[in-house]
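Each remark here refers to the structure printed beneath this line.
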Amino acid sequence: ALFAPPPRPLRGRRVLITAGPTHEPIDPVRYIANRSSGKQGYAIAAAAARAGAEVALISGPVDLAAPDGVTLTRVESARDMLAAVHSALPADVAIFAAAVADWRVASEGEQKIKKGAGGPPPLQLTENPDILATISKLADGRPPLVIGFAAETENLLDNARAKLARKGCDWIVANDVSPATGVMGGDRNTVHLLMKSGESVEIDSWPVMTKDDVARALVQRIAQATEQAGE
Ligand code: CTP
Ligand code: CA
């Protein structure tokens with residue numbers, strides 16, 4: 001079996017992944033954004049493709065190339081990301097790794113805002129659509145396995161449990177991003193996987209590992225779960 005082909009446990013499965021930040025325009029030259037390298041989402045897309053899945057990666061602005069075998073759609077804002085996600089459905093598994101900006105400015109300037117005697121302009125913010133919650137609560141065409149991320153700087157597991165309940169997804173990948181961990185923008189992650197199981201929540205805590213290994217481990221769990229689900 002030295003030259004056996006690699007196992008492809010997600011062969012024939014459609015996997016949708018969001019990644020990166022979103023950019024919310026203030027005017028034609030300025031935007032509000034979240035901090036996100038996109039590395040974890042791209043690593044998951046690459047791992048899912050290696051496992052044989054048909055992968056749609058919907059990405060905010062990042063400095064990364066499309067992984068092999070992945071269909072990449074680039075977007076800017078949260079609203080564009082939601083529209084692209086709807087277009088990429090149906091999916092067997094949807095993974096929301098993007099760091100979506102929670103707010104955008106209520107009325108985007110059509111022209112560049114100039115400095116003036118009036119002082120700095122006040123920015124009126126409005127809330128963006130919650131892509132994960134929207135897809136989790138779809139009455140029609142909800143992917144059978146919906147996975148969210150929770151990047152937290154404190155009370156990691158409590159916040160992640162609350163998010164799992166609030167968003168209506170099946171799993172949450174909880175990720176400690178407090179500045180002390182030094183993980184922001186880096187190549188490693190410490191994650192806990194929270195999986196809804198009936199009325200309770202099962203938690204898998206993984207040791208600190210590279211984002212590529214987190215991706216591989218997550219894809220392996222997905223393969224197990226989709227196998228158990230039949231077919
Ligand atoms: N998410 C999303 N759309 C949004 C906000 C968040 O799809 N508008 C998704 C993220 O991709 C992630 C999950 O929801 O999978 C949790 O994001 P997070 O920012 O941690 O949660 P929020 O509900 O926005 O709560 P808060 O930022 O206040 O912690
Ligand atoms: Ca948020």
Side-chain angles (χ1 to χ4, degrees), residues 15-25 31-45 48 55-62 64 73-89 91 93-106 125-138 141-143 145-179 181 183-185 189-196 201 211 214-215 218-219 221-222:
V15 177
L16 181 161
I17 300 164
T18 68
T22 63
H23 285 185
E24 310 298 330
Y31 60 83
I32 298 175
N34 271 27
R35 234 187 249 291
S36 169
S37 65
K39 285 177 187 167
Q40 187 64 80
Y42 275 60
I44 295 166
V55 181
L57 174 61
I58 295 154
S59 173
V62 294
L64 297 170
T73 304
R74 293 184 193 273
V75 298
E76 294 268 331
S77 69
R79 286 171 297 170
D80 296 345
M81 187 174 274
L82 177 60
V85 165
H86 275 297
S87 303
L89 290 175
V93 184
I95 306 167
F96 295 91
V100 182
D102 291 318
W103 307 287
R104 66 177 184 272
V105 292
L125 299 180
T126 187
E127 199 160 320
N128 267 330
D130 189 319
I131 303 167
L132 170 62
T134 303
I135 301 305
S136 293
K137 291 166 188 169
L138 273 183
R142 180 195 191 275
L145 180 57
V146 178
I147 305 172
F149 271 70
E152 306 288 348
T153 59
E154 57 181 1
N155 305 327
L156 178 65
L157 289 181
D158 284 347
N159 281 333
R161 272 177 195 280
K163 234 162 236 181
L164 183 60
R166 192 171 71 236
K167 302 277 190 169
C169 57
D170 303 300
W171 295 0
I172 286 266
V173 181
N175 180 2
D176 185 348
V177 295
S178 51
T181 65
V183 299
M184 263 337 277
N189 247 345
T190 306
V191 311
H192 306 262
L193 182 59
L194 287 79
M195 295 168 286
K196 221 181 255 171
V201 175
K211 290 180 177 177
V214 169
L218 183 63
V219 163
R221 293 306 307 235
I222 291 169

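Start at 1 and go down the list; that is how both ligands and their atoms are numbered.
- Arg142 pairs by the side-chain hydrogen bond (donor to acceptor under 3.5 Å, both in side chains) definition with Asp170, not counting sequence neighbours.
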| request: Step by step, work out the side-chain hydrogen bond (donor to acceptor under 3.5 Å, both in side chains) result for Asn189 and Gln40. | output: CA-CA 9 Å; Asn189 247 345; Gln40 187 64 80; 3.0 Å; yes
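- Around the Ca ion (ligand 2), the protein contributes the following N, O or S atoms at distances under 3.0 Å: Asp102 OD1, Asp102 OD2.
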| request: Could you go through the side-chain contact (heavy atoms from CB on, under 4.5 Å) check for Phe149 and Ile44 one step at a time? | output: CA-CA 12 Å; Phe149 271 70; Ile44 295 166; 3.7 Å; yes
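- Comment: Glu127 does not engage Arg104 in a salt bridge, judged by the lack of any side-chain N to carboxylate O separation of less than 4.0 angstrom.
- In this structure, the side chains of Val105 and Glu24 stay at 4.5 Å or more apart for every pair of heavy atoms.
- By the 4.5 Å heavy-atom criterion applied to side chains, Tyr42 and Val62 are counted as neighbours.
- With rounding to the nearest 0.5 angstrom, the NZ atom of Lys167 is 12.0 Å from the CD1 atom of Ile135.
- For the atom pair CD1 of Ile222 and CG of Leu145, the computed distance is 6.0 Å after rounding to the nearest 0.5 Å.
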Atom pairs, nitrogen or oxygen, ligand 1 to protein, under 3.5 angstrom:
{"from": "ligand 1", "atom 1": "3 (N)", "to": "Ile131", "atom 2": "N", "distance (Å)": "3.0"}
{"from": "ligand 1", "atom 1": "7 (O)", "to": "Ile131", "atom 2": "N", "distance (Å)": "3.4"}
{"from": "ligand 1", "atom 1": "7 (O)", "to": "Leu132", "atom 2": "N", "distance (Å)": "2.8"}
{"from": "ligand 1", "atom 1": "8 (N)", "to": "Pro129", "atom 2": "O", "distance (Å)": "2.8"}
{"from": "ligand 1", "atom 1": "11 (O)", "to": "Phe96", "atom 2": "O", "distance (Å)": "3.2"}
{"from": "ligand 1", "atom 1": "11 (O)", "to": "Ala98", "atom 2": "O", "distance (Å)": "2.7"}
{"from": "ligand 1", "atom 1": "14 (O)", "to": "Lys167", "atom 2": "NZ", "distance (Å)": "3.2"}
{"from": "ligand 1", "atom 1": "15 (O)", "to": "Phe96", "atom 2": "O", "distance (Å)": "2.6"}
{"from": "ligand 1", "atom 1": "15 (O)", "to": "Phe149", "atom 2": "N", "distance (Å)": "2.8"}
{"from": "ligand 1", "atom 1": "15 (O)", "to": "Phe149", "atom 2": "O", "distance (Å)": "3.4"}
{"from": "ligand 1", "atom 1": "20 (O)", "to": "Lys163", "atom 2": "NZ", "distance (Å)": "2.6"}
{"from": "ligand 1", "atom 1": "21 (O)", "to": "Lys163", "atom 2": "NZ", "distance (Å)": "3.2"}
{"from": "ligand 1", "atom 1": "23 (O)", "to": "Arg166", "atom 2": "NH2", "distance (Å)": "3.3"}
{"from": "ligand 1", "atom 1": "23 (O)", "to": "Lys167", "atom 2": "NZ", "distance (Å)": "2.7"}
{"from": "ligand 1", "atom 1": "24 (O)", "to": "Asp102", "atom 2": "OD1", "distance (Å)": "3.0"}
{"from": "ligand 1", "atom 1": "27 (O)", "to": "Asp102", "atom 2": "OD2", "distance (Å)": "3.3"}
{"from": "ligand 1", "atom 1": "29 (O)", "to": "Lys163", "atom 2": "NZ", "distance (Å)": "2.9"}

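- In this structure Asp102 satisfies the side chain to side chain contact (heavy atoms under 4.5 Å, CB included) test with no other residue, sequence neighbours excluded.
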